[in-house]
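Below, chains carry the letters A, B, ... as their sequence lines are ordered, and counting in each starts from 1. It should be emphasised that the depicted structure is a prediction, and the values quoted were computed from it without experimental measurement.
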Protein chains: 2
Amino acid sequence: MRAIEKRIELLKAVAHPVRIRILEELTKGVKCVSDMEEFLEISQPNISQHLSLLRHYGVIDYYVDGRLRCYFLKDPIVPDLIELLRKDYLKELPAPACCPVTKKGRYPGERRR
Amino acid sequence: MRAIEKRIELLKAVAHPVRIRILEELTKGVKCVSDMEEFLEISQPNISQHLSLLRHYGVIDYYVDGRLRCYFLKDPIVPDLIELLRKDYLKELPAPACCPVTKKGRYPGERRR
DNA sequence: TAGAAATATAAGAATATTTGAATATATTTA
DNA sequence: TAAATATATTCAAATATTCTTATATTTCTA
């Protein structure tokens with residue numbers, strides 16, 4: 001699989017409200033499943049399922065501490081990605097100059113061959 | 001809807017191989033649907049469907065040029081996101097110090113209450 | 001060593017996404 | 001105005017995702 005396709009798989013894995021929430025917390029430090037039950041309002045099996053999916057895609061991993069599983073971030077893209085998602089863009093990209101949206105008329109240099 | 005949830009919707013919209021490919025091309029400039037038929041190996045109706053989804057989530061927009069629809073990027077996160085996906089991270093995040101994966105033993109300061 | 005605690009796994013139902021096929025619409029040109 | 005071109009829409013089938021419920025596994029502790 002090409003590198004970019006791996007990254008798309010990762011995007012899909014991350015693009016879920018519960019999983020983003022988990023990753024946000026993990027950027028702050030190691031958490032075990034019962035820690036997560038405190039801030040997620042979903043069932044324990046469902047948490048486990050999300051964790052196992054994230055681990056499957058290499059986003060996180062865990063170490064065992066007695067009967068706890070301590071999860072932590074593994075893929076270094078995660079903090080950067082979360083920061084990007086939180087970033088406040090002030091304005092949309094400008095529509096291509098001289099070509100207002102929905103106005104008819106040619107866009108010089110962009111005509112079809 | 002909270003801002004971060006909007007962003008997650010956007011992530012989901014973007015996390016598809018065809019749609020990423022479209023966005024990559026749009027970072028280079030305006031493209032109409034028949035331009036896209038040249039580099040995507042899917043049917044025209046399917047291209048239209050992906051475009052309409054991206055537009056629905058505010059990722060792209062178009063202007064009309066005769067019988068062409070000229071699509072362009074609208075959400076300013078897109079170029080940054082694509083750059084992030086292409087970024088080559090040299091190594092995984094370190095596992096939390098003093099706690100190798102799967103090794104038993106407490107992680108000082110991270111014990112449950 | 002039995003029971004409790006922490007977590008995982010499995011199975012199934014509900015829902016969402018993706019695609020293909022057929023068809024519709026708008027614009028230009030003959 | 002009819003035909004051709006560019007693109008969109010609709011619907012259904014296939015597939016994938018998500019969540020719930022029930023149960024299993026591992027480890028700790030009394």
Problem - Length of the CD-C1' vector between Gln49(B) and dT9(D), whole Å - result: 8 Å
Exercise for the section: Indicate yes or no: at least one non-hydrogen side-chain atom of Tyr63(A) is less than 4.5 angstrom from one of Tyr71(A). Expected result: no
Handout entry: Per Pro45(A) side chain, nearest of listed nucleotides dA8(C), dA21(C), dA6(C)
Key = dA8(C)
Exercise for the section: Considering only NZ, NE, NH1 and NH2 on the basic side and carboxylate oxygens on the acidic side, decide whether Arg69(A) and Asp61(A) come within less than 4.0 Å. Expected result: no
Exercise for the section: Give the nucleotide from the list dA8(D), dA8(C), dT17(C) with an atom nearest to the side chain of Lys12(B). Expected result: dT17(C)
Exercise for the section: Give a yes/no answer on whether the side chain of Tyr62(A) brings an N or O atom under 4.0 Å of OP1 or OP2 in dA8(C). Expected result: no
Practice task
Give the rounded distance in Å between these two atoms: CE of Met36(A) and P of dA8(C).
Solution key: 9 Å
Practice task
Measure from NE2 on His16(A) to C1' on dT17(D) and round the result to the nearest Å.
Solution key: 8 Å
Practice task
For Arg55(B), answer base if it contacts any base atom (sugar-phosphate contacts may also be present), sugar-phosphate if it contacts only those atoms, and nothing otherwise; contact means non-hydrogen atoms under 4.0 Å.
Solution key: nothing
Practice task
Look at Lys87(B) together with Glu83(B) and state whether they make a salt bridge at an N to O cut-off of under 4.0 Å.
Solution key: no
Practice task
May I ask you to decide whether Arg86(A) forms a salt bridge with Glu24(A), counting only side-chain N to carboxylate O separations under 4.0 Å?
Solution key: yes
Fill in the blank from the handout: On DNA chain C, more 5' by nearest nucleotide between Arg69(A) and Val18(B) is Arg69(A)
Practice task
Write down the distance between OH (Tyr63(A)) and C1' (dT7(C)), rounded to a whole number of angstrom.
Solution key: 16 Å
Practice task
Hey, which sits more toward the 5' end of DNA chain D by its nearest nucleotide, Gln44(B) or Ala15(A)?
Solution key: Gln44(B)
Practice task
Write down the distance between CG (Leu53(B)) and C1' (dT9(D)), rounded to a whole number of angstrom.
Solution key: 14 Å
Practice task
Return no unless some side-chain N or O of Ser34(A) is found under 4.0 Å from OP1 or OP2 of dT7(C).
Solution key: yes
Practice task
Could you tell me whether Glu9(A) and Lys12(A) have a side-chain N and a carboxylate O separated by less than 4.0 Å?
Solution key: no
Handout entry: Separation of dA8(D) P from His50(B) NE2 (nearest whole Å)
Key = 13 Å
Handout entry: Spacing of Leu51(A) atom CG relative to dT7(C) atom P, expressed in whole Å
Key = 10 Å
Exercise for the section: Compare side-chain N and O positions of Ser52(A) against OP1 and OP2 of dA8(C) and report whether any pair is under 4.0 Å apart. Expected result: no
Problem - Rounded distance in Å - CZ (Arg67(B)) to P (dT27(C)) - result: 11 Å
